[in-house]
*Asks:* 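This is the structure, below, for whatever I ask next.
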2 protein chains.
Amino acid sequence: MQPRQRRKVPEGELCAVCSDRATGYHYGTPSCNGCKTFFRRTIVSGHTFVCQYNGNCDVNKNVRCACRHCRFNKCVSVGMDARAIQNDRDRIGPTKKFRMAKTEQNSSADDDQMSMSSMSPQRAADEKVIELLNGIENLCNTLRTCALDETKSVRETLASPSLLYHVGNIEMDHNTIFKELYPASMNDIQMWNIRELRLCLEWAKTFEEFTKLSESDQLALVRNFGFTFNILNRVFYSLDHGPDKIVYPNGAYILRQPQEQVKIPGCRSIYHRQMDEIMIPFRKLNVTIPEFAAFKASLLFNPDACDLSPEVKPEISMERTKYLSALFYFITNKIGLHDGVQKYGQLLMMAPSIQNIIDQNDENMQVMEVFGHFWRIDRFVKELCMK
Amino acid sequence: MQPRQRRKVPEGELCAVCSDRATGYHYGTPSCNGCKTFFRRTIVSGHTFVCQYNGNCDVNKNVRCACRHCRFNKCVSVGMDARAIQNDRDRIGPTKKFRMAKTEQNSSADDDQMSMSSMSPQRAADEKVIELLNGIENLCNTLRTCALDETKSVRETLASPSLLYHVGNIEMDHNTIFKELYPASMNDIQMWNIRELRLCLEWAKTFEEFTKLSESDQLALVRNFGFTFNILNRVFYSLDHGPDKIVYPNGAYILRQPQEQVKIPGCRSIYHRQMDEIMIPFRKLNVTIPEFAAFKASLLFNPDACDLSPEVKPEISMERTKYLSALFYFITNKIGLHDGVQKYGQLLMMAPSIQNIIDQNDENMQVMEVFGHFWRIDRFVKELCMK
DNA sequence: TGGCGACGGTCAAAGGTCAC
DNA sequence: AGTGACCTTTGACCGTCGCC
């Protein structure tokens, strides 16, 4: 289908993912049957995985099933291309289902009562939305551990294309890799703040509807959402060392009662609230990566964002609705309507608590700015977060 | 994947180990689920067993668990091959229906299908919840126009039974009745603030689960929710004179650009936001009174409310879920699943904006307190709203 | 047209789950 | 703690499609 590597026969070629014997070029990469099928299934189903360890598990023939997150990441990083996946393969006729084509097709067709089986058009769209979000989220998780150049201004960053599409070419930053648990220093916190805010911009730029906005509207959305993105990723991807620790990917951790060196005079600590009101609920609700991604997308597209021009608010609102619908579909499809409605409601109702924490953080940043001799706020952070 | 017997289906085949029904070829031998799992676990765990007898125990379906040594020996002797055992795989998560916080009243059997007709038991409960809320809301609307005695302290008010059950016996307050439109004075705003906050207490006390809480937990909830209640009622019940006016029941109105006499030095006006982010969306979404009531109830029961004791948080969370579920079913029952999901999502996602407005209001009140010579904050308001 | 290579689909047999 | 009915995931194999 895709003459990507035309006319080439792998010889004693090995799978680029797991070093098993390659059976050919699959999705643009020499790979074995297992990794080929694994990659397709992962993309098609929207299933997503969380690494139980530090996100850098070994992947080889013997242990390739041990960590699906790292296996998938390796698939992506060695160049497997999701665009080579054909979702519209109706052409395989002679399987079990015989065409009932023209006879009684409309018996159950447009009965728009709620039967899952007849929701195809909406569902296909939702599935596609989730799939896209999921792919981006995985790229984002890779970029989180990459070496990033010195941040330019927010405006310049918004104007350049998203790094996420070139994440395979960027080398890793060893400061982001887990080595051991240790109490976070202020430098750790600042480093991750800057990194996540940068990721937020790269992430936002992957939304077509976002890139179509004017510069000032883009700015309005990311200024509204930046720190939320930061905190949400911080707690969602925190390594799980119990309910009293937020652990960054590199092992730096923050305690419920923050260590002295990361306290800021005059500021109310919000770390315990990040644990109680976001991290723990995320875990209790069993929020998966695609759900998390859709939730974030619906928060990015906030029609009430400060300084957003009134004429784009309807589109922003529609985008929000799009991601909310996809989220609802995805959840209820997995765990059923009854439980899904509850999970969806509980997830959405985390938003006001998150907002309140962000508001407290804004206040803290004002205090830090006034008493700036304690900690200078980074230029990039200031540009993106200070009102 | 089939290193031994390829493409074969055992028919009435029996387990070579225990003569139970074989479920397939496992590790090279036709065997049942039990022996298959037993063999794998034994190999993986490295356990070794000692026979209590002579090492020649009988192994069959009924006694296969009697001697693990002899069972394992039989496994090996009939040809089970340890080389077919793989390395540990990744976790796959819950397989049974949802392992989350379970409710007492278990839902009906097939709640994972989108068929409204099979929800009767749950729906009956939801309907009852909505009916109750709606009745209270109507009483509340009557009480809004009644003459209220001088407010006591918040604690005293919480301790006494709700006025809403005696609303028929209270006479009207003519200051609350519409006579004409006129620009609100600061006195109007203060009067309505106090009145709504008082209503909030009377309203909250109608919830059985609320009255069962300790005084301090009750206080935590109403302090968290009081001003939200105030603002939500203000805009929801605003007489509709277009998108640029909030009109109190007595005709006093506030403009998008507030008149000079109600501006407070040092405070950012939040009236335009109340219009844009709450009043107009309520109208656009066609939110009905029962929906509005359920929404408020779900906001009252906020498990993240400041100073709430940790041990009641689960109950509070369950209450919230109860009202959210009722809200969802009420909406979808009226306008169908597709539109209902959207309306529900949009309604819930107003909550963060509302929270942000409340946070801005809190900040304004701090400013007013510091520069208190402009406007003194009422004692009751202060007790209920100042942090 | 016919061979070839890369798609998607299939299903026995792996491993994981959790009420008992 | 151990068991096993029931569940998801895996991957070798096969049919189909589109290119030379």
*Asks:* For dG8(C), take OP1 and OP2 only and decide whether either is under 4.0 Å from a side-chain N or O of R40(A).
*Replies:* yes
*Asks:* Rounded to whole Å, please give me the gap between CG in D90(B) and C1' in dT8(D).
*Replies:* 12 Å
*Asks:* E209(A): which residues meet the side-chain hydrogen bond (donor to acceptor under 3.5 Å, both in side chains) condition with it, sequence neighbours left out?
*Replies:* K322(A)
*Asks:* Provide the closest heavy-atom pair for E202(A) versus L163(A) in the form atom of the first, atom of the second, distance.
*Replies:* OE1-N, 2.8 Å
*Asks:* Report the distance from atom CD1 of I85(A) to atom C1' of dC17(D), rounded to the nearest whole Å.
*Replies:* 17 Å
*Asks:* Starting at CG of D88(B) and ending at C1' of dT17(C), how long is that distance when rounded to a whole Å?
*Replies:* 14 Å
*Asks:* Between atom CG in N62(A) and atom C1' in dG11(D), what is the gap in whole Å?
*Replies:* 15 Å
*Asks:* What are the two closest heavy atoms between C57(B) and C51(B), and how far apart are they?
*Replies:* SG-SG, 3.6 Å
*Asks:* Which atom pairs link the protein and nucleotides 2-5 of chain D when you take only N or O atoms and keep those under 3.5 Å?
*Replies:*
{"from": "dG4(D)", "atom 1": "OP1", "to": "R64(B)", "atom 2": "NE", "distance (Å)": "2.8"}
{"from": "dG4(D)", "atom 1": "OP1", "to": "R64(B)", "atom 2": "NH2", "distance (Å)": "3.3"}
{"from": "dG4(D)", "atom 1": "OP2", "to": "R71(B)", "atom 2": "NH1", "distance (Å)": "3.0"}
{"from": "dG4(D)", "atom 1": "OP2", "to": "R71(B)", "atom 2": "NH2", "distance (Å)": "3.0"}
{"from": "dG4(D)", "atom 1": "N7", "to": "R41(B)", "atom 2": "NH2", "distance (Å)": "2.9"}
{"from": "dG4(D)", "atom 1": "O6", "to": "R41(B)", "atom 2": "NH1", "distance (Å)": "3.1"}

*Asks:* Rounded to the nearest angstrom, tell me the gap between atom NE2 in H26(A) and atom P in dG5(C).
*Replies:* 12 Å
*Asks:* Show the nearest heavy-atom pair for residues G79(A) and T29(A), with the distance to one decimal.
*Replies:* C-OG1, 3.3 Å
*Asks:* Grab the CZ-C1' distance between F72(A) and dT9(D) for me, whole Å please.
*Replies:* 16 Å
*Asks:* Write down the distance between CD (E13(B)) and P (dA13(C)), rounded to a whole number of angstrom.
*Replies:* 11 Å
*Asks:* For the pair made of OH in Y27(B) and P in dA12(C), what is the distance, rounded to whole Å?
*Replies:* 17 Å
*Asks:* Can you work out whether I92(B) or K36(A) has the more 5'-proximal nearest nucleotide on DNA chain D?
*Replies:* I92(B)
*Asks:* Is R64(A) paired with D20(A) through a side-chain N to carboxylate O contact shorter than 4.0 Å?
*Replies:* yes
*Asks:* When you look at CZ of R283(A), are more than 12 heavy atoms from neighbouring residues, nucleotides or ligands closer to it than 6.0 Å?
*Replies:* yes
